[in-house]
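By convention in this document, chain letters (A, B, ...) are assigned in the order of the sequence lines, proteins followed by strands, and residues within each chain are numbered from 1.
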2 protein chains.
Amino acid sequence: MLTDVNDILKKNQLSVTDSRKSILDLFIHSNGALAHADIEKQTGEKFDRVTVYRTLQVFMEKGIIHTIPTSDNSIRYALCKDDCTGGHHHDNHVHFICKICGLTSCLDSVTVPEVRLPVGFRPLEKQMIVTGICEGCQ
Amino acid sequence: MLTDVNDILKKNQLSVTDSRKSILDLFIHSNGALAHADIEKQTGEKFDRVTVYRTLQVFMEKGIIHTIPTSDNSIRYALCKDDCTGGHHHDNHVHFICKICGLTSCLDSVTVPEVRLPVGFRPLEKQMIVTGICEGCQ
DNA sequence: ATGCTAATGCAACGAAGTTGCAAAAATGTG
DNA sequence: CACATTTTTGCAACTTCGTTGCATTAGCAT
């Protein structure tokens with residue numbers, strides 16, 4: 001896995017800018033998913049709100065990050081630990097949300113189990129969200 | 001399953017009002033989940049935005065409807081086909097979102113499969129979202 | 001029918017996200 | 001390294017979404 005932000009940006013044909021480097025760095029050094037608000041706080045409001053939105057959008061398009069569905073209204077973004085170049089890697093692992101600390105993480109080691117759908121429903125992608133208590137909050 | 005809106009409201013110790021009757025009726029006669037905007041449109045803006053929000057909130061508290069997690073920012077609410085009095089019924093079935101028509105439905109007949117988590121993660125609830133193509137859009 | 005309780009509508013507010021545009025930074029080329 | 005071109009950023013304004021307080025209205029029990 002690439003951990004150098006410059007390499008990742010160049011590999012994805014993106015201009016290397018301060019905001020992109022900082023935000024990507026944040027994802028790499030965070031062990032959970034990040035909401036837009038987290039990013040704004042953690043970058044110390046160094047960048048404009050709009051820039052953060054647009055950066056996340058670009059990262060999404062390039063497949064660097066993906067969204068995690070949550071029951072409340074908050075979109076959370078996560079960088080996959082494994083190489084995401086396959087495009088649909090995020091459909092094959094389970095997302096875990098801790099009820100206590102709110103940590104949202106990708107359980108890369110767990111594969112989403114198969115499910116049988118009723119006749120007529122053709123599945124393309126599947127996502128699984130498990131809520132519970134994480135390692136640190138036991 | 002109760003289909004009379006008055007009965008459902010009374011059973012849940014709720015005052016029977018026009019807005020609650022209309023909105024509950026909408027859920028019963030809709031085959032998919034509804035977003036707040038859908039409800040506003042389909043009731044013909046007869047009720048105040050605030051009333052719709054509060055009605056949904058009350059229905060949530062009473063367990064009449066539940067939210068469906070989605071990757072985009074839209075909260076969708078759904079009434080379960082089966083009796084929801086158990087409280088956590090919605091954690092045991094699969095949600096299906098059609099990529100073409102956007103239909104969001106509860107596949108009541110499909111049970112969420114078990115999944116093994118890494119040591120240290122204690123699961124409490126699990127949800128599964130399958131995206132694909134629905135019966136009508138084949 | 002009456003009084004009490006609960007729900008509604010209005011207004012105002014705050015948060016979240018988007019768009020257009022000029023200024024600034026990054027990139028490629030000589 | 002300097003230049004022209006392209007891309008990105010920041011600002012301002014705006015829309016949409018959701019919430020709160022309060023007076024008015026509607027529902028409910030007696």
Side-chain angles (χ1 to χ4, degrees), chain A residues 4-27 33-62 64-77 102 104, chain B residues 4-27 33-62 64-77 102 104:
Chain A
D4 185 63
V5 289
N6 289 58
D7 288 351
I8 299 175
L9 292 173
K10 280 177 188 160
K11 196 172 185 174
N12 284 284
Q13 297 159 20
L14 293 174
S15 304
V16 178
T17 66
D18 279 3
S19 57
R20 288 180 183 164
K21 280 194 285 182
S22 299
I23 294 172
L24 188 50
D25 200 66
L26 247 179
F27 275 110
L34 297 169
H36 176 94
D38 298 326
I39 297 167
E40 274 199 272
K41 277 173 209 148
Q42 295 199 44
T43 52
E45 281 114 4
K46 210 164 73 186
F47 309 108
D48 194 84
R49 244 158 31 88
V50 181
T51 303
V52 178
Y53 281 117
R54 289 198 267 230
T55 303
L56 290 173
Q57 211 171 293
V58 169
F59 285 0
M60 285 281 294
E61 282 162 14
K62 294 291 182 180
I64 299 171
I65 57 173
H66 63 272
T67 55
I68 299 175
T70 54
S71 296
D72 60 345
N73 207 17
S74 65
I75 318 183
R76 300 191 197 179
Y77 302 88
T104 305
Chain B
D4 186 64
V5 289
N6 290 58
D7 289 351
I8 299 175
L9 292 173
K10 280 176 186 161
K11 196 172 187 175
N12 284 285
Q13 298 160 20
L14 294 175
S15 305
V16 178
T17 65
D18 279 3
S19 58
R20 286 178 184 167
K21 280 195 286 184
S22 299
I23 293 173
L24 188 48
D25 201 66
L26 246 179
F27 275 109
L34 298 169
H36 176 93
D38 298 326
I39 296 166
E40 273 198 273
K41 276 173 210 151
Q42 295 200 44
T43 53
E45 280 113 4
K46 210 163 75 187
F47 309 107
D48 195 85
R49 243 157 33 90
V50 181
T51 303
V52 177
Y53 281 117
R54 287 197 268 232
T55 303
L56 290 172
Q57 211 170 293
V58 169
F59 285 180
M60 284 281 294
E61 283 162 15
K62 295 291 182 181
I64 299 172
I65 57 172
H66 64 272
T67 54
I68 299 176
T70 54
S71 296
D72 61 344
N73 206 17
S74 66
I75 317 183
R76 300 190 197 180
Y77 302 89
T104 306

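Residues B/Leu14 and A/Thr17 both approach DNA chain C. Their nearest nucleotides, taken by heavy-atom distance, put B/Leu14 toward the 5′ side.
Each end of the helix from C/dA1-D/dT30 to C/dG30-D/dC1 gets its own axis, taken as the rotation carrying the C1' atoms of four end pairs onto the next four within a five-pair window, and the two axes meet at 40° to the nearest 10 degrees.
At the phosphate of C/dA6, neither OP1 nor OP2 sits under 4.0 Å from any side-chain N or O atom of B/Ser15.
Proximity of A/Ile39 to A/Phe27: side-chain heavy atoms (C-beta onward) are separated by under 4.5 Å at one or more points. Taking the side chain as every heavy atom from C-beta outward, B/Thr104 and B/Tyr77 never approach each other to under 4.5 Å. The side-chain heavy atoms of B/Asp25 and B/Lys21, taken from C-beta on, include no pair separated by under 4.5 Å.
Taking CZ from B/Arg20 and CG from B/Leu14, the interatomic distance works out to 5.0 Å, rounded to the nearest 0.5 Å. For the atom pair B/Arg54 CZ and B/Ile23 CD1, the distance stands at 12.0 Å (nearest 0.5 Å).
Note: CD (B/Gln13) to C1' (C/dA7) measures 16 Å, nearest angstrom. Summarising the geometry, the separation between CD on B/Glu45 and P on C/dG9 is reported as 13 Å, rounded to the nearest angstrom.
Nucleic acid contact for A/Val16: sugar-phosphate only, since backbone atoms but no base atoms lie under 4.0 Å from a heavy atom of the residue.
Nucleotides of DNA chain D with any atom under 4.0 Å from a heavy atom of chain B span, from 5' to 3', D/dC17 to D/dC28.
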message: Output one letter per nucleotide in nucleotides 16-22 of chain C: B when a protein non-hydrogen atom lies under 4.0 Å from the base, S when only the sugar-phosphate is that close, - when neither is.
response: SBBBB--

